[in-house]
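The structure under discussion appears below in the form of structure tokens.
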Number of protein chains: 2
Amino acid sequence: MRTTIKDVARAAGVHSSTVSRVINRKPCISQETVKRVFSAIEQLNYTPNALARSLKTKKIQTLAMLIPDISNPFFAELARGVEDTANQYGYNVILCNTDDCFEKEVTYLKLLAEKRVEGLIVATAQIRDKSILELGKTGCPYILLSRNIKGLQENSISIDDIAGGYLATEYLISLGHRNIAHIAGPYNTTTALDRIKGFKKALLTYGVPFQKQYIGEGDFRITGGYQVMKQFLELENPPTAVFTANDLLAVGAIEAIRENGFDVPADISIIGFDDIKLASYFSPPLTTIRQPMVEMGSLAIVKLLERIEHNITHPNILIKPELVVRKSCRRIN
Amino acid sequence: MRTTIKDVARAAGVHSSTVSRVINRKPCISQETVKRVFSAIEQLNYTPNALARSLKTKKIQTLAMLIPDISNPFFAELARGVEDTANQYGYNVILCNTDDCFEKEVTYLKLLAEKRVEGLIVATAQIRDKSILELGKTGCPYILLSRNIKGLQENSISIDDIAGGYLATEYLISLGHRNIAHIAGPYNTTTALDRIKGFKKALLTYGVPFQKQYIGEGDFRITGGYQVMKQFLELENPPTAVFTANDLLAVGAIEAIRENGFDVPADISIIGFDDIKLASYFSPPLTTIRQPMVEMGSLAIVKLLERIEHNITHPNILIKPELVVRKSCRRIN
DNA sequence: AATTTTTTTGAAATTACTTTGATTTATTCC
DNA sequence: GGAATAAATCAAAGTAATTTCAAAAAAATT
């Protein structure tokens with residue numbers, strides 16, 4: 001049997017409600033009793049039971065974070081920002097890997113609702129995500145991070161994907177490329193779709209015709225980049241430059257290019273997206289579009305807590321992307 | 001006011017204890033009432049309160065995982081294994097980044113104790129870690145993952161670091177190297193110390209003299225590898241091969257080597273440790289010692305749950321490391 | 001049909017805390 | 001010194017479930 005507040009009360013010769021007041025630093029307690037209570041706590045090695053407390057106060061000081069896969073460096077950095085800031089505010093965060101699988105997401109959400117977590121960071125949203133929509137109804141505060149769902153005007157934080165896609169493509173065009181391909185993310189994410197929009201917008205702006213065979217759907221992972229790139233390489237007219245929707249896709253694409261005996265950037269230029277920590281250590285160092293992942297995770301928590309603690313909602317936040325030039329792209333004639 | 005079990009009971013025309021029985025699939029309930037209760041639950045959109053349940057049952061189905069930094073790919077992969085398997089068994093896991101900072105570790109442990117998490121995966125242990133030792137006293141089940149503490153004979157899971165260090169060094173020696181340096185991890189981790197032991201053991205076995213200036217303390221991160229390598233390069237007799245205590249240190253070392261105008265592996269060979277997912281995509285593809293991170297994380301949970309649910313302790317588990325040859329080492333005359 | 005047994009349900013206690021209102025004790029003021 | 005006020009403490013109710021024991025209803029047995 002663990003020691004309870006009553007044991008402490010008995011040892012200190014006071015009532016349990018007094019002990020509660022001491023622990024929670026409520027006013028109207030004599031110095032004398034404070035001392036007695038604390039010494040009893042120490043002596044009995046008492047640890048308050050947060051479950052019982054939360055049952056009454058309805059504050060449990062834990063959040064949860066839904067991401068596809070923590071072993072993906074993009075989400076790991078996001079998670080670092082999230083956890084750090086949550087911890088600063090006295091909250092713990094439960095980690096959930098969904099693998100972008102709907103059933104997993106639903107199961108997690110149900111479990112988390114039972115545990116009464118106070119808020120959610122959701123980085124797994126798909127374009128039409130019924131379970132997120134339902135989240136709104138249950139009243140559990142949430143912030144969509146990095147991915148949005150169609151039509152939602154508030155409570156999301158993400159990079160300006162359209163601007164990012166535009167920036168990447170514009171850069172390739174500025175280097176003289178015309179045959180520019182795009183390895184996109186999964187089409188059921190706003191992230192992927194918006195980067196495509198930016199890609200097309202840049203082509204249009206600079207009068208480069210869009211060619212359907214120059215776009216392929218990847219999975220935001222190395223293997224996807226490899227596979228789509230292989231298809232591009234089989235084309236009659238392979239692209240001279242490829243914009244990949246994230247850095248991992250770029251890694252896969254580079255591997256495919258090498259395997260076919262070509263070089264990056266001599267034969268084909270590659271630009272990624274995210275700027276994960278290791279991007280500058282790839283071969284060649286990867287030119288990419290930077291997202292401030294840690295800061296975004298941190299901001300997501302700040303906004304989530306504003307919602308939880310002061311019921312403030314805010315319109316969607318768009319972070320400005322940034323071009324990071326390294327060595328995976330080259331100018332052509 | 002959220003709907004409670006009593007609301008459901010009222011709606012179904014039964015007592016709350018009956019509803020509880022239905023939810024928990026206890027025997028001795030008529031089909032009739034089961035149906036009525038479930039329909040009431042559905043109608044009222046009832047979600048049981050796990051806090052209240054846990055208060056009574058003392059089972060909260062949540063674990064926690066202490067790691068230095070989730071944005072380090074090694075720990076991210078470990079975390080993936082941990083979370084996946086925990087989830088399979090119906091547990092959630094709270095993520096804690098300590099940055100190897102003692103105060104943070106202590107603060108987390110206190111918070112987690114109050115929340116009554118049922119078990120801990122600890123990947124932050126330092127050689128003499130008072131807070132871990134105290135964990136043993138409080139009776140909270142835990143598994144030390146990847147790092148051990150001095151003298152502990154049970155409840156840890158890690159790679160055989162001595163064997164790993166030996167394997168790496170032996171490989172460099174087999175390629176003809178004699179001037180072999182080692183960039184170690186922080187000296188307050190068993191991981192670092194044991195890999196050093198393996199390093200020295202191999203040197204001894206093959207009659208290569210150990211030179212004090214050929215060993216330096218890193219931080220398991222890119223910057224540390226860079227800094228220590230810079231020092232090696234200033235030596236009168238720089239090493240022809242370097243064994244780094246993890247892959248990130250290798251990345252930093254390679255950068256330093258390049259900056260000084262040398263090439264890997266032409267001038268200096270590098271072998272890492274861990275085999276993080278991206279290791280094969282560095283330039284050059286990194287030769288390294290593989291740890292099965294995901295499997296280790298998974299195993300840690302299995303063993304932790306054995307302890308929690310059946311009170312089984314087990315002696316320390318040592319996983320066998322494996323040499324992965326890629327292109328960052330070369331044979332010399 | 002009466003009795004026993006089994007199944008089903010309900011009432012009350014329990015879990016460990018917080019909080020409100022009441023009561024006691026101490027302090028201030030006239 | 002007594003009344004009014006303020007400070008300190010206690011008692012009891014509330015939080016939302018589970019669980020045990022007892023009672024009622026149904027089924028089985030004689």
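Sequence lines set the chain letters: A, B, ... in the order given, protein chains first and strands last, and positions in each chain run from 1.
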Subject >> Distance in angstrom units between A/Leu55 CG and D/dT18 P, rounded >> reply: 12 Å
Subject >> d(NZ, A/Lys35; P, D/dA8) in whole Å >> reply: 14 Å
Original post:
Phosphate oxygens OP1/OP2 of D/dC10: is one of them under 4.0 Å from a side-chain N or O of A/Ser17?
Top reply: no
Subject >> Side-chain N,O (A/Thr18) to OP1/OP2 (D/dC10) below 4.0 Å >> reply: yes
Original post:
Taking atom C1' of D/dA16 as reference, at what distance in whole Å does atom CG of A/Asn49 sit?
Top reply: 14 Å
Original post:
For B/Thr4 and D/dT15, is the shortest distance between a side-chain N/O and OP1 or OP2 below 4.0 Å?
Top reply: no
Subject >> N-O pairing of B/Arg147 and B/Asp161 below 4.0 Å >> reply: no
Subject >> Nucleotide C/dC17, atom C1' - distance to CZ of B/Arg116 in whole Å >> reply: 11 Å
**OP:** Could you check whether B/Pro27 gets within reach of a base, just the sugar-phosphate, or nothing at all, counting any heavy atom under 4.0 Å?
**Re:** nothing
Subject >> OP1 or OP2 of C/dT19 under 4.0 Å from side-chain N/O of A/Lys26 >> reply: yes
**OP:** Could you tell me whether A/Lys303 and A/Glu306 have a side-chain N and a carboxylate O separated by less than 4.0 Å?
**Re:** yes
**OP:** Using a cut-off of strictly less than 4.0 Å, decide whether A/Thr33 has a side-chain nitrogen or oxygen near OP1 or OP2 of D/dT9.
**Re:** yes
Original post:
Do any side-chain nitrogens or oxygens of B/Lys56 fall under 4.0 Å of OP1 or OP2 in C/dA16?
Top reply: no
Original post:
Looking only at side-chain N and O atoms, does B/Ser30 come under 4.0 Å of OP1 or OP2 in C/dT8?
Top reply: no
**OP:** Indicate whether OP1 or OP2 belonging to D/dT18 is found under 4.0 Å from a side-chain N or O atom of B/Lys59.
**Re:** no
Original post:
Among the nucleotides D/dA12, C/dT14, D/dA16, which one has an atom lying closest to any side-chain atom of B/Ala52?
Top reply: D/dA16
Original post:
Any idea which of C/dT8, D/dT18, C/dT19 is nearest the A/Thr57 side chain?
Top reply: C/dT19
**OP:** Please state whether the phosphate of D/dT18, meaning OP1 or OP2, lies under 4.0 angstrom from any side-chain nitrogen or oxygen of B/Asn24.
**Re:** yes
Original post:
Counting any heavy atom closer than 4.0 Å, what does B/Arg21 reach on the DNA or RNA strands: base, sugar-phosphate only, or nothing?
Top reply: base
**OP:** Specify the separation, in whole Å, of atom CG of A/Asp7 and atom P of C/dC17.
**Re:** 9 Å
**OP:** Counting heavy atoms from C-beta on, name the nucleotide in D/dA17, D/dA8, C/dT18 closest to the side chain of A/Ser20.
**Re:** C/dT18
Original post:
Taking only side-chain nitrogens and oxygens of B/His15, does any of them come within less than 4.0 Å of OP1 or OP2 of C/dA11?
Top reply: yes
**OP:** State, to 0.1 Å, how close B/Gly81 and B/Thr85 come at their nearest heavy-atom pair, and which atoms those are.
**Re:** O-OG1, 3.0 Å
Original post:
Quick one: CG on B/Asn155 to CG on B/Leu120, what's the gap to the nearest 0.5 Å?
Top reply: 12.0 Å
Subject >> Residue B/Arg53, side-chain heavy atoms: nucleotide from C/dT7, D/dA17, D/dA11 that is nearest >> reply: D/dA17
Original post:
Separation of B/Lys6 atom NZ from D/dG14 atom P, in whole Å?
Top reply: 9 Å
**OP:** Please state how far atom CD1 in B/Ile5 lies from atom P in D/dA17, giving the value in whole angstrom units.
**Re:** 6 Å
Subject >> Between B/Ser156 and B/Asn148, a side-chain donor and acceptor under 3.5 Å >> reply: yes
**OP:** Kindly point out which of C/dT15, C/dT7, D/dT9 is positioned nearest to the side chain of A/Ile29?
**Re:** D/dT9
**OP:** Before accepting this row, confirm whether a basic side-chain N of the pair A/Lys130/A/Glu134 lies closer than 4.0 Å to the acidic partner's carboxylate O.
**Re:** no
Original post:
Rounding to a whole Å, what distance do you find between A/Ile23:CD1 and C/dT18:P?
Top reply: 6 Å
**OP:** Could you check which of D/dA16, C/dT19, D/dC10 has an atom nearest any side-chain atom of A/Lys58?
**Re:** D/dA16
